[in-house]
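A quick write-up on the structure given underneath.
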Amino acid sequence: MTELPKAYQPEEIEKRWYEEWERVGAFRADPVTDKKPYVIVLPPPNVTGALHMGHALNHSLQDALIRRARMQGYEALWVPGTDHAGIATQNVVERELRKDGLDRHALGREAFVDRVWEWKREYGGRITQQMRELGESCDWERERFTMDEGLSRAVRTVFVRWFEDGLVYRGLRVINWCPQCQTALSDIEVEHEDVAGELVTFRYDLSDGSGSISVATTRIETMLGDTGVFVHPSDERYAGLVGKTVRHPFFPDRELPIVADEAVDPEFGTGAVKGTPAHDPVDFEMSERAGTEKVNIFTETAHVNENGGRFEGMDRYTARREVLAALRELGLVEEVERPYVHAVGHCYRSKTEIEPWLSEQWFVKMRPLAEPAIAAAQDGRVTFHPPRFAKAYLNWMENLRDWCISRQLWWGHRIPVWYCDDCGATIAALEDPTECKCGSSALRQDPDVLDTWFSSQLWPFSTLGWPDDTPDLKTFYPTSVMVTAYEIIYLWVARMIMSGMYFMDGQVPFADVFIHGIVRDGEGKKMSKSIGNVIDPLDMIERYGADALRFSLAFIAVPGNDSNSSEERIEGARNFANKLWNASRFVLMSLGDDRPEITGELLVEDRWILSRLDDTIEVVGRELDAFNFSEALHALHAFVWSELCDWYVEMAKPRLREGGAGAAGSVLVHCLDRVLRLLHPVMPFITEELWSKLRPGAGSVMTAPWPAPEGRRDTGAEDSVARFQDLVVALRRLKIEHDVPQGRRVPVAVAAGDLAAGLEPLLDQVVSLARLESIELVDDLGPAGADPRTITPAGLEAAMRLGETVDPALERARLERKRDELAAEVKRAESKLGNESFVAKAPAPVVEKERAKLDEARAAFAKVEGQLGALGG
RNA sequence: GGGCGGUUAGCUCAGCGGGAGAGCGCUGCCUUCACACGGCAGAGGUCACUGGUUCGAUCCCAGUACCGCCCACCA
């Protein structure tokens with residue numbers, strides 16, 4: 001056996017094992033199998049992306065689930081892939097072009113799209129390479145891209161089906177327009193943010209000169225597109241004005257009717273609303289009802305267009321100033337409230353202010369799709385973890401508005417719709433048509449592409465081969481669990497459920513939705529480049545190892561909660577890896593090639609650690625089933641570090657030193673074996689490396705069975721060892737308190753009373769761990785004052801036979817402190833048990849436990865009293 | 001305007017009806033033959049506030065105060 005280095009060095013090991021895993025096809029799943037499938041489709045990262053901490057968390061948790069499922073005997077499949085990310089990718093390539101002094105229009109559509117593909121081929125593999133560095137066990141042979149051929153066919157199929165079923169339609173609407181990206185956005189792609197603006201109240205004079213009506217707005221420039229004034233039908237203030245018209249101050253020919261409409265809130269502002277149907281969705285609807293004109297005043301870059309008269313050419317903010325100034329000059333401005341804080345929509349990509357803009361777009365009718373998806377969450381066919389997110393999902397689903405799916409971009413799935421120039425027909429088709437039903441070949445394809453999320457929503461089944469009826473689809477759909485951050489529940493999760501149920505015979509795409517939080521910095525601040533608090537996961541992998549990064553994230557992953565990551569945490573995880581490494585190194589060095597099985601007589605400490613292991617196995621399994629990674633890993637961490645390393649390994653040393661593996665060796669092998677399996681899903685590399693040393697020739701730990709409790713709980717052993725640990729700690733402390741060097745071996749006497757029998761088999765261990773010269777079990781410690789005394793919570797008394805008298809004053813102070821603690825405990829327990837209702841109503845085991853505690857405390861108290869009395873004074 | 005979450009040790013956070021936990025930090029001691037990426041022993045919390053339910057509340061309920069987040073067509 002080769003010598004293991006003294007500190008764990010992840011770099012070489014990680015590289016070696018990942019190559020090996022890929023070489024033997026360890027991540028491959030087979031659709032022809034007797035095993036039950038366990039399937040996760042990876043939320044596809046943007047092709048433009050680089051692995052960030054959010055991915056690291058999301059992917060670490062999925063890999064842990066998949067690796068565990070694989071060990072549990074499932075046919076585990078994790079489907080990887082990337083998303084074409086319309087706007088983001090187009091922006092990246094456009095930026096590149098600009099460096100060369102070009103823009104996409106100069107290149108033309110086809111050449112530009114070619115250029116993006118070229119970019120994708122060159123850089124699109126970056127993030128998947130980084131995923132390998134993290135150790136992700138996805139089935140790379142099944143890697144997909146949202147714009148590859150198969151997925152494109154899925155997109156077209158969905159579009160055409162929905163078009164034919166009347167769920168996809170085209171309409172003239174006020175949509176969210178991003179003047180920066182120059183495309184429409186759906187409602188969820190708009191982020192509302194409070195900004196300090198102004199609320200301008202101004203006056204429209206009635207055309208007949210009989211008076212005026214005042215309206216208020218935060219976007220005064222939009223009055224250039226006003227075509228009406230709306231009031232509430234029951235608003236008496238304006239009852240006499242309805243039916244009259246006002247005149248537009250800048251366009252004297254334009255008469256604006258005053259119309260009553262229920263949508264007006266009479267409480268707000270003046271109770272009268274200026275109607276700008278081309279730039280406000282509500283105004284649009286009111287205009288539809290009233291039949292007023294719709295005047296679009298903006299270009300796609302949010303500059304005033306030819307309908308803006310002398311304001312033409314100004315950008316919207318300049319126009320805002322100038323229109324206000326012009327109205328002031330005319331004496332029409334009544335009030336300007338400033339600052340006026342209100343929510344303004346911003347583009348989720350470019351952060352530009354959204355301009356509501358009238359245009360023809362494609363939409364998906366959501367209500368019919370939402371209904372089954374709502375039912376599925378209500379009756380538990382889809383379960384959210386933690387459940388509170390089901391509420392958010394349902395609330396959103398119940399208030400869905402139609403989804404604007406057309407984007408004025410070039411990079412994406414082109415809308416499979418053609419318009420006939422001759423007969424005006426609209427044709428949606430799977431294959432590009434060459435001629436219209438009318439015989440004309442003058443067909444033009446719709447220039448727009450689909451929202452990126454239109455293809456992502458199909459991910460759970462499109463990646464498995466749909467619309468073909470493939471073996472993968474048969475075996476692996478529906479998938480098992482969707483793992484994602486709460487940020488994209490609406491954007492993505494909800495839509496996958498809707499489209500999945502629609503196209504897969506009502507079958508939900510996944511049974512469980514595990515929602516985790518986002519990764520923040522060490523102080524809980526969101527990571528951002530501008531703050532400079534971003535942690536680069538690849539940097540962390542390089543410095544601490546992938547296992548350390550993964551462990552550090554899973555260790556703090558509480559379902560639904562954000563978690564704070566920091567280099568210190570990752571360092572701590574690295575230290576844990578090193579601890580595991582060294583404990584294993586010790587076991588391996590002690591055993592040589594010997595791998596004894598547990599047989600024959602076990603000592604109480606052996607039974608204790610096996611009992612603790614069993615409990616740990618149970619807890620880890622239970623918590624992982626509930627996606628409580630943090631709880632599971634805390635249990636494992638505590639078992640490995642505190643119980644196995646700090647206590648059991650120390651207790652096993654004397655026997656190991658005596659030579660021959662024996663029971664201690666067999667127990668260590670057993671514990672290590674189980675620990676490596678339990679940790680493997682989160683720390684795949686180090687566990688595989690150590691496994692190969694512990695179990696040479698036994699194959700990969702990846703396919704070792706996931707541990708189940710082995711019926712080794714032993715509460716008697718746990719009690720005995722707990723008391724023993726208390727005694728060891730008390731003795732170590734006693735030495736420190738009396739300035740006895742830790743290494744100086746002293747004789748000790750212990751009065752254990754009823755507990756003597758339990759302690760007896762552990763006496764040698766007390767000597768060893770408390771570093772004593774000898775230990776003697778006695779009935780009575782003899783007169784106090786002659787030597788330093790201590791007492792454990794369970795009432796074990798011990799004395800160091802130093803052969804020198806202690807300072808009575810110091811000893812008295814120590815004992816008095818102890819006595820006071822015990823007295824308080826006695827009092828607490830007495831008052832509780834003195835409460836008749838407690839004794840009558842509390843469950844019997846609780847009362848029993850309380851009684852036992854009282855007895856123990858009383859006994860210990862009596863002993864301290866005795867020692868104090870003997871001390872005299 | 002609705003909804004959700006938070007307030008627990010110096011920091012960051014778990015826990016959640018029966019005697020307060022972790023990681024990091026802090027103090028003292030230790031170059032003990034797996035590990036100084038370590039060992040040993042410690043210090044440190046009226047579990048935000050006010051009521052209520054209960055034999056018993058950090059945990060459940062109501063309210064208050066702050067702090068986050070999400071949703072929203074009051075111009």
Side-chain angles (χ1 to χ4, degrees), chain A residues 4 6-8 174 187-188 192 199 215-219 222 230 263-276 280-286 342-343 356 388-389 391-392 395-396 399 401 486-487 489-490 517-518 520-524 544 548 552 555-556 558 560-566 568-569 571-590 628 630-631 634 637-638 645-646 649-650 653 657 728-729 732-737 739 741-743 769-771 825 828-829 832 835-843 845-847 849-850 853:
Chain A
L4 295 177
K6 198 169 160 181
Y8 174 54
V174 173
D187 293 336
I188 18 178
H192 293 272
L199 182 68
V215 293
T217 177
T218 54
R219 295 185 297 151
T222 62
F230 295 90
V264 177
D265 175 6
E267 303 295 314
F268 186 86
T270 63
V273 185
K274 61 188 273 302
T276 319
D280 185 288
V282 178
D283 292 6
F284 175 83
E285 282 163 27
M286 293 195 291
H342 62 127
R388 72 181 124 99
F389 288 103
K391 232 166 135 182
N395 182 51
W396 186 75
N399 297 293
R401 296 167 68 203
Y486 52 72
E487 294 174 298
I489 292 176
Y490 308 138
I518 63 172
R520 298 170 175 277
D521 77 1
E523 277 119 44
Y544 301 104
S552 77
F555 191 67
I556 53 176
V558 177
N561 287 12
D562 292 347
S563 34
N564 301 350
S565 180
S566 62
E568 289 74 44
R569 274 193 185 288
E571 198 181 325
R574 186 273 314 264
N575 295 351
F576 176 63
N578 191 57
K579 190 76 183 176
L580 177 68
W581 180 261
N582 274 289
S584 306
R585 192 166 70 98
F586 171 71
V587 172
L588 295 168
M589 285 191 312
S590 306
N628 290 329
S630 176
E631 289 293 314
H634 274 85
H637 183 271
C645 293
D646 289 349
V649 168
E650 294 308 318
K653 277 178 180 174
R657 241 179 261 130
V728 171
V729 169
R732 286 167 173 166
R733 185 172 191 174
L734 192 64
K735 276 183 161 183
I736 290 173
E737 280 173 346
D739 289 327
Q742 283 174 56
L769 295 194
R771 315 195 74 202
E825 170 58 18
R828 191 198 61 78
K832 201 158 188 182
N835 181 342
E836 279 174 34
S837 341
F838 171 73
V839 179
K841 294 187 179 173
V846 173
V847 178
K849 202 173 148 200
E850 207 56 52
K853 278 191 269 184

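What you are looking at is a predicted structure, and each value in this text was computed from that prediction instead of being measured. The sequence lines fix the lettering, A, B, ..., with proteins before strands; numbering per chain opens at 1.
Rounded to an integer number of Å, the gap from CD1 of A:Ile736 to C1' of B:C30 is 9 Å. Whole-Å rounding puts the A:Arg585 CZ to B:A34 P distance at 9 Å.
Side-chain atoms of A:Lys579 and base atoms of B:C35 include a donor and an acceptor less than 3.5 Å apart. For A:Lys6 against B:A36, a side-chain-to-base donor-acceptor contact under 3.5 Å is absent. For B:C29, its base sits under 3.5 Å from the side chain of A:Gln742 at one donor and acceptor pair at least.
Look at A:Arg733 and you'll find a side-chain N or O under 4.0 angstrom from OP1 or OP2 of B:G42. Between B:A34 and A:Lys653, a contact under 4.0 Å exists linking OP1 or OP2 to a side-chain N or O.
A search for ring pair (Phe, Tyr, Trp, His ring centres under 6.0 Å) contacts involving A:His192 returns nothing, not counting sequence neighbours. Taking the side-chain contact (heavy atoms from CB on, under 4.5 Å) definition, one finds that A:Lys832 meets it with A:Arg828, A:Phe838, A:Glu850, sequence neighbours left out. Partners of A:Lys841 under the side-chain contact (heavy atoms from CB on, under 4.5 Å) rule, at least two apart in sequence or in another chain, do not exist in this structure. Residues meeting the ring pair (Phe, Tyr, Trp, His ring centres under 6.0 Å) test with A:Phe576, sequence neighbours left out: A:Phe551, A:His637. A:His634 meets the ring pair (Phe, Tyr, Trp, His ring centres under 6.0 Å) test with A:Phe555; sequence neighbours excluded. Scored by the side chain to side chain donor-acceptor pair (under 3.5 Å) test, A:Arg520 finds A:Asp562 as partners (sequence neighbours excluded). Residues forming a salt bridge (Lys or Arg N to Asp or Glu O under 4.0 Å) with A:Glu650 (at least two apart in sequence, or on another chain): A:Lys653.
Nucleotides of RNA chain B nearest to A:Glu850 and A:Glu571 differ in position, and the one nearer the 5' end is that of A:Glu850.
Taking atom C1' on both B:A65 and B:G56, the two are 28 Å apart, rounded to the nearest angstrom. B:G28 and B:C69 are spaced 44 Å apart, taking the C1' atom of each and rounding to whole Å. Using P as the reference atom, B:U7 and B:A75 are 34 Å apart when rounded to the nearest Å. Using C1' as the reference atom, B:C59 and B:G17 are 6 Å apart when rounded to the nearest Å. Of the C1' atoms belonging to B:A57 and B:U50, the separation is 15 Å, rounded to the nearest Å. On the C1' atoms, B:U46 is 23 Å away from B:G42, given to the nearest whole Å. Between B:G10 and B:C26, the two C1' atoms lie 8 Å apart (nearest whole Å). Distance check on atom P: B:A20 versus B:A9 gives 15 Å, rounded to whole Å.
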Which atoms of nucleotides 54-56 of chain B (N or O only) lie under 3.5 Å from a protein N or O atom, and what are those distances?
{"residue": "B:C55", "atom": "OP1", "partner": "A:Lys841", "partner atom": "NZ", "Å": "2.4"}
{"residue": "B:C55", "atom": "O2'", "partner": "A:Asn835", "partner atom": "ND2", "Å": "2.8"}

Which protein N or O atoms sit under 3.5 Å from an N or O of nucleotides 22-25 of chain B?
{"residue": "B:A22", "atom": "O2'", "partner": "A:His634", "partner atom": "NE2", "Å": "3.4"}

Polar pairs (N or O, both sides) under 3.5 Å between protein and nucleotides 72-75 of chain B?
{"residue": "B:C73", "atom": "OP1", "partner": "A:Arg401", "partner atom": "NH1", "Å": "2.7"}
{"residue": "B:C74", "atom": "O2", "partner": "A:Asp265", "partner atom": "OD2", "Å": "2.3"}
{"residue": "B:A75", "atom": "OP2", "partner": "A:Tyr340", "partner atom": "OH", "Å": "3.4"}
{"residue": "B:A75", "atom": "O2'", "partner": "A:Ala216", "partner atom": "O", "Å": "3.0"}
{"residue": "B:A75", "atom": "N6", "partner": "A:Asp265", "partner atom": "O", "Å": "2.6"}
{"residue": "B:A75", "atom": "N6", "partner": "A:Phe268", "partner atom": "O", "Å": "3.3"}
{"residue": "B:A75", "atom": "N1", "partner": "A:Asp265", "partner atom": "N", "Å": "3.2"}

Please write out each protein N/O paired with an N/O of nucleotides 1-10 of chain B under 3.5 Å, distance rounded to 0.1 Å.
{"residue": "B:C4", "atom": "OP1", "partner": "A:Lys391", "partner atom": "NZ", "Å": "3.1"}

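Under the 3.5 Å distance criterion, the side-chain polar atoms of A:Asp521 are left unmatched by any main-chain donor or acceptor of A:Ser566. Of the possible polar contacts, one joining the A:Arg569 side chain to the A:Asn564 backbone as a donor-acceptor pair under 3.5 Å is found. No donor-acceptor pair closer than 3.5 Å links the side chain of A:Asn578 to the backbone N or O of A:Arg574.
One finds the CG atom of A:Leu4 at 13.5 Å from the CZ atom of A:Phe586 (value rounded to the nearest 0.5 Å). Taken to the nearest 0.5 Å, the CZ atom of A:Arg732 stands 9.5 Å off from the CZ atom of A:Arg771. To the nearest 0.5 angstrom, A:Tyr486 atom OH is 9.0 Å from A:Asn561 atom CG. With values rounded to the nearest 0.5 angstrom, A:Tyr8 atom OH is found 13.5 Å from A:Asn575 atom CG. How far CG of A:Leu199 is from CZ of A:Phe268: 5.5 Å, rounded to the nearest 0.5 Å. To the nearest 0.5 angstrom, A:Ile188 atom CD1 is 11.5 Å from A:Ile489 atom CD1.
Counting only Watson-Crick and G-U wobble pairs whose two distances sit under 3.5 Å, RNA chain B takes part in these stems of three or more pairs: B:1-7 with B:65-71, B:10-13 with B:21-24, B:26-30 with B:38-42, B:48-52 with B:60-64.
In this structure the side chain of A:Glu836 never reaches within 4.5 angstrom of the side chain of A:Val839, judged on heavy atoms.
Counting any heavy atom pair closer than 4.0 Å across all strands shown, A:Val729 reaches sugar-phosphate atoms only and no base atom. Residue A:Lys853 is in base contact, counting any heavy-atom pair closer than 4.0 Å across all strands shown. In this structure, A:Arg574 reaches the bases: a heavy-atom distance under 4.0 Å links it to at least one base atom across the strands shown. Within 4.0 Å of A:Ala392, counting heavy atoms only, lies no atom of the nucleic acid at all. Across all strands shown, A:Tyr8 has no heavy atoms under 4.0 Å from either base or sugar-phosphate atoms. Residue contacts shown for A:Glu487 are absent, as no nucleic acid heavy atom lies under 4.0 Å away.
Residues A:Asp280 and A:Pro356 share a closest heavy-atom pair of N-CB, 4.3 Å.
Relative to the side chain of A:Glu631, the nucleotides B:U12, B:C70, B:A14 differ in distance, and B:A14 lies closest.
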